[in-house]
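Have a look at the structure below before the remarks.
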Amino acid sequence: MTKTILPGQTIGIIGGGQLGRMMALAAKEAGFKIAVLDPAMDSPTGQVADIQIVAPFNDFHALEELAEVSDVITYEFENIDATGLEQLAETSYVPQGAELIRVTQNRIYEKQAIAEAGVPIANYIEATSYEEFKEKSNQLNFPFVVKTATGGYDGKGQQTITSVEELPLAEPLFQSGACVAEAFVHFTKEISVIIQRNVHGEMTVLPVGENIHKDHILHKTIVPARIEPRTLEQAKEAARKIASHLNMVGTLAVEMFVLEEGDIIVNELAPRPHNSGHYSIEGTNISQFHQHIRAICGWPLREPKLWSDTVMVNVLGEHVAPLASRIAHYPNWSIHLYGKEEAKHKRKMGHITILTDDLDQTLKEIDESGIWPE
Ligand code: AMP
């Protein structure tokens with residue numbers, strides 16, 4: 001059963017981080033009310049919500065409490081209890097269901113789903129223990145990357161192995177359970193495709209961005225990605241295949257590697273708006289957050305259009321003070337800060353977006369600002 005959710009009704013968001021905050025801000029523009037469940041009082045989303053439920057994510061009573069005050073429920077991160085969400089969906093309106101969460105919170109299920117959709121991934125093996133991993137590791141060539149099946153993010157829970165002698169470096173990862181080991185991909189670029197689908201099966205794809213990471217954390221997204229038209233088509237087609245195969249509703253970010261010859265392979269999926277889509281707030285006619293709200297509320301989706309070349313740069317803890325002291329110099333930068341109290345080193349505190357008709361000049365301006373030293 002699908003429903004149309006209208007302004008004045010309440011959207012419940014599980015998770016109170018910056019993604020929930022930007023979803024909430026988009027929804028409030030249209031007159032929706034927001035309820036949020038997060039363990040912290042005055043979380044980034046809590047600060048802009050109408051109702052805050054402060055409790056752990058796996059507290060089923062708190063989920064029920066959220067459902068009581070909400071007309072539709074969505075989520076802003078994938079590490080929530082899939083069984084709890086499934087249970088909730090029996091009595092409340094959760095148009096995204098729990099299956100997408102179940103698949104994307106475990107790299108093993110995720111890789112199986114991508115392969116079943118007929119989309120290329122790096123060669124990999126899976127192992128539930130270090131001993132099993134050691135036995136199977138000769139099925140891969142060096143180097144390869146070992147990743148925990150669950151719980152990793154921003155490069156945490158990963159270890160690159162370049163030789164037999166280095167195998168023990170992966171042992172600690174097995175403390176958190178099963179792992180995958182996948183071939184190291186010598187990519188030329190990383191890109192992401194953000195695909196959105198409403199409850200009626202209508203699908204849109206945001207303009208594809210090129211991602212530059214520093215220390216495994218997204219640093220910059222450049223849109224459009226500087227890739228061949230053939231690669232772009234392949235990337236969009238891969239995202240459509242995965243979204244259709246998963247029969248998803250809401251938002252799916254598909255992170256991909258571009259190979260030397262222009263082919264793509266998929267790295268991983270995120271079942272929610274994605275950091276690499278933040279550029280769409282100013283850069284397009286329909287941000288990933290507005291489109292997400294439309295998708296779960298049963299509204300028609302808008303075909304995304306890029307206004308101009310756009311660059312998004314992340315603001316981590318160490319960048320906040322230098323950015324604040326230079327705001328006066330950059331009237332064309334759109335500043336987003338997420339209202340997090342403590343500007344911890346490497347913590348995502350905000351981002352900036354710049355629309356430009358001279359990309360090289362803008363990239364130079366960012367480098368020369370001194371805010372993001374090499
Ligand atoms: P992930 O958490 O899987 O997105 O990995 C974080 C980052 O590590 C990616 O964005 C890549 O820059 C790098 N990385 C992950 N897996 C691989 C791989 N198989 N080959 C090369 N680089 C990788």
Side-chain angles (χ1 to χ4, degrees), residues 17 19 77-79 103-115 119-127 133 136-137 139-163 166-167 169-170 172-173 176-194 208-223 225-227 231 235 238-239 242 251-261 263-278 312-314 316 346-348 351 374:
L19 301 174
F77 82 141
E78 55 269 51
N79 290 322
V103 170
T104 53
Q105 67 185 199
N106 186 314
R107 287 187 194 272
I108 297 173
Y109 302 155
E110 183 173 294
K111 283 179 184 299
Q112 285 164 355
I114 300 166
V119 170
I121 47 174
N123 269 342
Y124 75 101
I125 54 165
E126 51 184 84
F133 158 71
K136 288 184 170 173
S137 61
Q139 296 171 29
L140 292 173
N141 295 324
F142 295 111
F144 55 76
V145 188
V146 186
K147 301 179 179 182
T148 55
T150 58
Y153 67 98
D154 287 344
K156 293 188 178 70
Q158 294 193 15
Q159 179 66 50
T160 303
I161 304 289
T162 62
S163 65
E166 281 185 9
L167 289 179
L169 291 178
L173 295 180
S176 43
C179 291
V180 298
E182 63 184 42
F184 187 91
V185 179
H186 297 278
F187 55 82
T188 55
K189 271 194 168 48
E190 293 187 78
I191 59 173
S192 49
V193 183
I194 295 171
V208 175
E210 164 185 340
N211 298 326
I212 296 161
H213 293 85
K214 271 191 193 172
D215 299 331
H216 294 284
I217 301 174
L218 182 66
H219 167 53
K220 212 185 262 159
T221 299
I222 299 172
V223 198
R226 294 166 293 180
I227 53 177
T231 305
I242 296 168
T251 303
L252 183 72
V254 186
E255 293 183 41
M256 306 181 188
F257 299 128
V258 180
L259 306 178
E260 189 88 54
E261 326 76 63
D263 291 327
I264 57 102
I265 48 182
V266 168
N267 173 30
E268 65 171 2
L269 309 177
R272 50 166 171 77
H274 193 254
N275 194 169
S276 64
H278 292 356
M312 188 282 315
V313 191
N314 267 340
L316 305 182
K346 300 284 179 219
R347 186 179 197 195
K348 287 181 184 169
H351 69 269
E374 274 314 304

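Counting convention: from 1, in listed order, for ligands and their atoms alike.
Residues Phe184 and Thr160 are in side-chain contact: their nearest non-hydrogen atoms beyond the backbone lie under 4.5 Å apart.
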Using a 3.5 Å cut-off on N/O to N/O, what pairs does ligand 1 make with the protein? A line per pair would be great.
unit_1, atom_1, unit_2, atom_2, d
ligand 1, 2 (O), Arg107, NH2, 3.4
ligand 1, 2 (O), Gln158, NE2, 2.8
ligand 1, 3 (O), Arg107, NH1, 3.2
ligand 1, 3 (O), Lys147, NZ, 2.7
ligand 1, 3 (O), Gln158, NE2, 3.3
ligand 1, 3 (O), Asn267, OD1, 3.4
ligand 1, 3 (O), Asn267, ND2, 3.4
ligand 1, 4 (O), Asn267, ND2, 3.0
ligand 1, 4 (O), Glu268, OE2, 2.7
ligand 1, 5 (O), Gln158, NE2, 3.1
ligand 1, 8 (O), His216, ND1, 3.2
ligand 1, 10 (O), Glu190, OE1, 2.6
ligand 1, 12 (O), Glu190, OE1, 3.3
ligand 1, 12 (O), Glu190, OE2, 2.8
ligand 1, 16 (N), Lys147, NZ, 2.8
ligand 1, 16 (N), Glu182, OE2, 3.3
ligand 1, 19 (N), Glu182, OE2, 2.8
ligand 1, 19 (N), Ala183, O, 3.0
ligand 1, 20 (N), Val185, N, 2.8

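Closest approach of Leu252 and Pro271 over heavy atoms only: CD1-CA, 4.0 Å. Shown here for Met256 and Ala235, the closest heavy-atom pair between the two residues is CE-O, 3.2 Å.
Using a 30° and 60° split on the angle between ring planes, Phe133 and Phe144 fall in the perpendicular class, above 60°.
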Donor-acceptor contacts, no H, no angles, side chain residues 216-223, under 3.5 Å, sequence neighbours left out:
unit_1, atom_1, unit_2, atom_2, d
Thr221, OG1, Asn211, OD1, 3.0

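Taking the ring axis of Phe257 as reference, the NZ or CZ atom of Lys189 does not stay both within 45° of it and closer than 6.0 Å to the ring centre.
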